[in-house]
> 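Supplied in structure tokens, the structure appears directly below.
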Amino acid sequence: MSVLAPNPHVLLREVCPREQQHHQQQQQGLSGGVGSLSLHRPPGHFPFGDRGRSSDCPSRIARRGARAGAFWPDSSSHAVAEMEPIQDSDQLDQILQRARELSQPVLIDWMAAWCRKCIYLKPKLEKLAIEYESKIRFYCVDVNKVPQTLVKRGNISKMPTIQVWKDGEMKEEVIGGHKAWLVIEEVREMIKKYV
């Protein structure tokens, strides 16, 4: 995995031999979910010569060809909850019937693949789905990939629209035209009313 940094000095600085030893020791003793970042450079690659170097620890020397690598010991521990897509009205009816039997609310994210705010909001909703995993089911509908009868059934006019459905009918909605973190807080408050 390569890392791009907004500050070029992070990737283009020379790593002291002591720092390299420290990074190697950290990488060998990594445990408990702590990640490290290491810099790699081709051996003997100093495009500007030895100017400014001391014998023990060189000062900043710009180098081309520096690569940054990030190492995380156990990235599989991060939980991911993908929202199940709804394709048509029949599937929505089945989902609502199952939710009614379990007396569990359903959250539906009405979105579109071309909508920038929808794209930014979806991963945040998936994180929220992990918090409420056993209490509410999360679904999404791409309004451009489903029949318009389904979109009309949700009474969708703006996107993203996040709705909570309970007992087979829509109870409340949040239209997410503002900042994603504010939308998530509004959705969280809406969920708390029905869980």
Side-chain angles (χ1 to χ4, degrees), residues 1 3-7 30-37 70-195:
M1 174 177 151
V3 177
L4 298 177
N7 183 349
L30 276 179
S31 65
V34 177
S36 73
L37 178 70
F71 303 95
W72 287 270
D74 185 19
S75 60
S76 63
S77 65
H78 300 292
V80 175
E82 260 188 56
M83 293 189 285
E84 184 181 329
I86 299 175
Q87 304 296 333
D88 56 28
S89 291
D90 291 336
Q91 185 183 6
L92 178 62
D93 288 334
Q94 292 170 2
I95 289 167
L96 294 176
Q97 179 60 36
R98 196 173 336 129
R100 194 176 307 142
E101 290 168 3
L102 298 171
S103 69
Q104 188 179 52
V106 172
L107 183 134
I108 302 175
D109 174 25
W110 302 83
M111 47 84 69
W114 52 263
C115 170
R116 186 179 69 201
K117 291 185 180 186
C118 301
I119 293 168
Y120 289 139
L121 188 61
K122 189 174 179 189
K124 292 175 180 12
L125 286 170
E126 289 172 342
K127 283 184 182 178
L128 192 64
I130 294 168
E131 288 180 40
Y132 293 98
E133 188 174 7
S134 62
K135 298 175 184 171
I136 185 170
R137 296 289 311 252
F138 284 65
Y139 297 91
C140 66
V141 177
D142 187 337
V143 297
N144 293 114
K145 293 183 179 180
V146 297
Q148 288 304 300
T149 54
L150 177 60
V151 178
K152 288 178 183 172
R153 186 166 170 192
N155 197 23
I156 304 303
S157 59
K158 295 180 181 178
M159 287 169 293
T161 298
I162 301 97
Q163 297 177 336
V164 171
W165 291 61
K166 190 167 184 178
D167 300 325
E169 57 186 46
M170 197 274 288
K171 297 292 186 181
E172 197 171 336
E173 69 182 6
V174 172
I175 298 175
H178 42 290
K179 296 189 184 295
W181 66 273
L182 289 171
V183 174
I184 292 299
E185 287 307 312
E186 289 179 21
V187 170
R188 184 176 276 121
E189 291 302 314
M190 180 174 66
I191 290 172
K192 287 178 183 176
K193 294 177 189 175
Y194 299 100
V195 203

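All residue numbers refer to positions in the sequence shown, counting from 1.
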> Quick one: do R188 and E186 make a salt bridge, cutoff under 4.0 Å?
no
> Working to the nearest 0.5 Å, report the span between CD1 of I156 and OG1 of T161.
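Rounded to the nearest 0.5 Å, the CD1-OG1 separation comes out at 4.5 Å.
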> Do other residues, nucleotides or ligands put more than 12 heavy atoms under 6.0 Å from K171 NZ?
yes
> Looking at every non-hydrogen atom in both residues, tell me the closest pair between I86 and Y139 and how far apart they are.
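The pair with the smallest heavy-atom distance is CD1-CB, 3.6 Å.
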> Is there a salt bridge (Lys or Arg N to Asp or Glu O under 4.0 Å) between E189 and K192? Walk through the geometry before answering.
CA-CA 5 Å; E189 291 302 314; K192 287 178 183 176; 3.7 Å; yes
> State the CD1-SG distance between I162 and C118, to the nearest 0.5 angstrom.
8.0 Å
> Can you confirm whether more than 12 heavy atoms, excluding those of E133, are under 6.0 Å from its CD atom?
no
> Would K124 and E126 satisfy salt bridge (Lys or Arg N to Asp or Glu O under 4.0 Å), going step by step from the backbone distance to the final call?
CA-CA 5 Å; K124 292 175 180 12; E126 289 172 342; over 6 Å; no
> Check the surroundings of atom CG in N155: do more than 12 heavy atoms from other residues, nucleotides or ligands lie under 6.0 Å from it?
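No.
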> To the nearest 0.5 Å, tell me how far K117 NZ sits from M111 CE.
15.0 Å
> Which heavy atom in Q104 sits nearest to a heavy atom in S134, and how many Å separate them?
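Q104 and S134 have their closest heavy atoms at NE2-O, 3.0 Å.
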> Side chains of C115 and P160, heavy atoms from C-beta outward: is any pair under 4.5 Å?
yes
> Run K122 and D142 through salt bridge (Lys or Arg N to Asp or Glu O under 4.0 Å) and show every step you take.
CA-CA 11 Å; K122 189 174 179 189; D142 187 337; over 6 Å; no
> So do I95 and R137 actually touch side chain to side chain, heavy atoms under 4.5 Å?
no
> How close do Q91 and D88 get, heavy atom to heavy atom, and via which atoms?
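Looking at all heavy atoms of both residues, the shortest contact is N-OD1, 2.8 Å.
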> Measuring from atom NZ of K135 to atom CG of L102, what distance do you get when rounded to the nearest 0.5 angstrom?
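It comes to 15.5 Å.
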> Restricting to non-hydrogen atoms, name the atom on G168 and the atom on R100 that form the minimum distance, rounded to 0.1 Å.
CA-NH2, 3.2 Å
> Do you know which two heavy atoms are closest between R153 and L96, and how far apart they sit?
NH2-CD1, 3.9 Å
> Taking all non-hydrogen atoms of both residues into account, name the closest pair between W110 and L150 and its distance.
CH2-O, 3.5 Å
> Taking side chain as C-beta onward, heavy atoms only, is I108 less than 4.5 Å from M170?
no
